[in-house]
Number of protein chains: 2
Amino acid sequence: MKTLRPKPAALRSYLQRVPLFSQCTDEDLETLTSAAMLLQYERGEHGFLAGDKACRLDALVSGGAQIYRTLPDGTAKTLHLFSPPALLAEAAVFMGFPYPANCLFTEESLTLSFPRAQLISMVERDPQLAWRLIGQLYGKLHEFTDMIASHGHRNAVTRVASYLLGVVRAAPQGDGPAARVVLPAPKKDIANYLGIRPESLSRTFAQLEKAGAIRVDGQAIHILQASLLENILLDSDPEES
Amino acid sequence: MKTLRPKPAALRSYLQRVPLFSQCTDEDLETLTSAAMLLQYERGEHGFLAGDKACRLDALVSGGAQIYRTLPDGTAKTLHLFSPPALLAEAAVFMGFPYPANCLFTEESLTLSFPRAQLISMVERDPQLAWRLIGQLYGKLHEFTDMIASHGHRNAVTRVASYLLGVVRAAPQGDGPAARVVLPAPKKDIANYLGIRPESLSRTFAQLEKAGAIRVDGQAIHILQASLLENILLDSDPEES
DNA sequence: CGCGAAGTTGAAAGTTTTCAACGAGGGTGG
DNA sequence: CCACCCTCGTTGAAAACTTTCAACTTCGCG
């Protein structure tokens with residue numbers, strides 16, 4: 001982890017990409033800019049560990065991160081995959097609780113880091129900001145809801161199809177003939193996130209590729225026929241060619 | 001669904017059991033009491049459906065409820081099982097979004113129902129209340145986190161053990177020699193919540209019973225040896241007798 | 001008393017995991 | 001600049017697990 005010293009203007013431009021602060025008053029932005037730090041993390045480095053005191057809020061502005069938890073039997077379960085812009089563990093930070101899980105950067109990343117005390121006082125002064133925070137939490141709750149629902153899918157093919165469709169929907173690219181999805185983490189982490197083994201994910205990709213629904217090119221997945229994926233969700237027996 | 005007309009004093013006593021409002025000022029409690037409705041639902045009745053406009057907040061004060069979503073293939077997935085006291089879909093209500101899932105009462109239940117507009121203005125007047133709301137959302141986020149993590153458990157036995165331990169921990173009863181857990185819904189719904197078939201849950205209970213870890217008595221589960229369950233979580237090979 | 005929903009149990013079928021081996025890619029050090 | 005190593009990803013075959021299908025029992029309720 002390295003602390004960068006960017007020009008205030010650059011810092012300000014990063015700041016405006018963070019959804020929570022995008023509509024702040026100039027005064028608040030000024031305060032934030034003066035106290036925020038721009039941090040650089042290597043791939044494989046940890047942002048925080050479960051149990052750490054949450055005294056700073058990190059906003060991911062570039063790169064990628066994952067939140068994972070270590071289960072009693074020693075294995076790890078990925079709870080969340082983040083692409084920028086995203087807030088990391090904002091709920092724990094605002095509540096002043098220790099982090100409930102670990103944060104690992106899956107690529108070289110940049111984060112904006114804000115001291116908790118300052119955020120608290122800003123929220124207390126500005127009801128608008130409180131509502132936006134509640135909105136953030138709602139959004140995350142909704143994501144988790146979707147994730148749990150998708151774990152209900154019977155087999156691996158369905159879960160993967162559901163995941164791919166979810167990502168293309170969230171991506172800003174045209175979903176026309178051949179949308180492209182770049183996986184936000186190595187495939188083994190995607191597999192863990194989806195609740196299957198890396199081998200199963202590999203086989204599932206191969207199967208979808210053979211069916212003509214996608215084309216796999218390293219971490220990039222080309223969606224050739226979204227309709228095929230959608231059919232898999234509708235009926236788990238899409239009579240593959 | 002039937003609207004009851006309780007005495008204000010009774011209504012007030014229900015109100016104080018709702019965590020979000022337990023520390024409200026007398027004035028706020030007065031306002032809430034005058035606008036709140038006490039509703040009675042039958043087992044099998046719906047509180048709301050996905051897509052409905054969330055214009056009231058329901059607090060479960062007795063009985064039981066489940067939140068479930070219908071997947072594209074027509075099957076249902078239970079996302080949450082509620083025992084009183086609990087708030088139902090508070091995030092959607094405060095954000096003014098339509099409900100993202102369905103609410104079904106698993107037993108005859110009583111809820112306190114508050115009009116959204118009133119809650120919003122109360123939160124805006126009272127920063128303390130806003131923080132408690134954020135705390136509520138944090139709590140729910142945390143629950144979902146645990147749930148997703150528990151879906152990471154390899155086999156059904158481990159998931160069930162994890163679930164049982166989670167419930168005893170949340171229950172106020174002594175966890176001494178033989179704690180007792182009453183399932184908050186029929187076993188088929190518990191199974192769905194855990195992401196397994198009812199048959200598998202039945203077999204798993206039988207297995208745990210044979211191992212001497214629990215005793216199943218209808219919807220009541222006696223935890224005979226919590227340590228056995230904990231061992232299952234630590235190592236998925238607890239050399240069963 | 002009898003019906004229907006819920007739960008249990010058995011055996012076969014289907015899926016995923018596990019174990020193992022191999023190939024490709026990136027980074028490091030000689 | 002190349003060899004080496006380690007991680008990641010892929011593929012195969014066997015093992016383990018869950019689901020499915022079906023029959024039967026239990027329980028609650030009219």
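No hydrogens, no waters, no symmetry mates; every other heavy atom, side chains included, goes into these values. All chains are named by letter (A, B, ...) in the order of the sequence lines, taking the proteins before the strands, and each is independently numbered beginning at 1. These numbers come from a predicted model, not from an experiment.
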From the candidates D:dC17, C:dT16, D:dT11, the one with an atom nearest any side-chain atom of A:Ala206 is D:dT11
Just compare C:dA6, D:dT18, D:dT20 and give me whichever is closest to any side-chain atom of B:Arg43.
C:dA6
Where does the angle between the aromatic ring planes of B:Tyr99 and B:Phe48 fall among parallel (under 30°), tilted (30 to 60°) and perpendicular (over 60°)?
parallel
Within this structure, what is the CZ-to-C1' distance between A:Arg154 and C:dA13, rounded to whole angstrom?
15 Å
Would you say CZ of B:Arg17 has more than 12 non-hydrogen atoms from neighbouring residues, nucleotides or ligands within 6.0 angstrom?
yes
B:Ser202 has its side chain closest, among C:dT8, D:dC17, C:dG7, to C:dT8
How close or far is atom P of C:dT8 from atom NZ of B:Lys188, stated in whole angstroms?
14 Å
Closest to the 5' end of DNA chain C, once B:Ala185 and A:Glu199 are matched to their nearest nucleotides, is B:Ala185
Write down the distance between CZ (B:Arg203) and C1' (D:dA22), rounded to a whole number of angstrom.
12 Å
For A:Phe105 and A:Tyr41, run ring-ring contact (aromatic ring centres under 6.0 Å, His included): C-alpha distance rounded to whole Å, both residues' side-chain angles, the deciding distance at 0.1 Å, then the answer.
CA-CA 7 Å; A:Phe105 291 96; A:Tyr41 291 90; 4.1 Å; yes
To the nearest angstrom, the NZ-P distance between A:Lys210 and D:dT10 comes to 15 Å
Nearest-Å distance for atom pair CZ/P, residues A:Phe205 and D:dT11:
13 Å
Name the closest nucleotide to the A:Lys187 side chain, picking from D:dT10, D:dC21, C:dG7.
D:dT10
What's the NE2-C1' distance between B:His153 and D:dC17, to the nearest Å?
17 Å
Expressed as a whole number of angstroms, how long is the span from A:Ile190:CD1 to D:dT7:P?
20 Å
Would a line drawn from the ring center of A:Phe144 to the ring center of A:His80 be shorter than 6.0 Å?
yes
For a quick test of reading the model, state the closest non-hydrogen atom pair linking A:Leu112 to A:Ala36 and the distance between them.
CD2-CB, 4.4 Å
Side-chain contact check for B:Ile196: nearest option of D:dT19, C:dT17, C:dC19 is D:dT19
The nucleotide from C:dT18, C:dT9, D:dG9 with an atom nearest the side chain of A:Pro186 is D:dG9
Tell me: CD1 of A:Ile221 to P of D:dG9, nearest whole Å?
11 Å
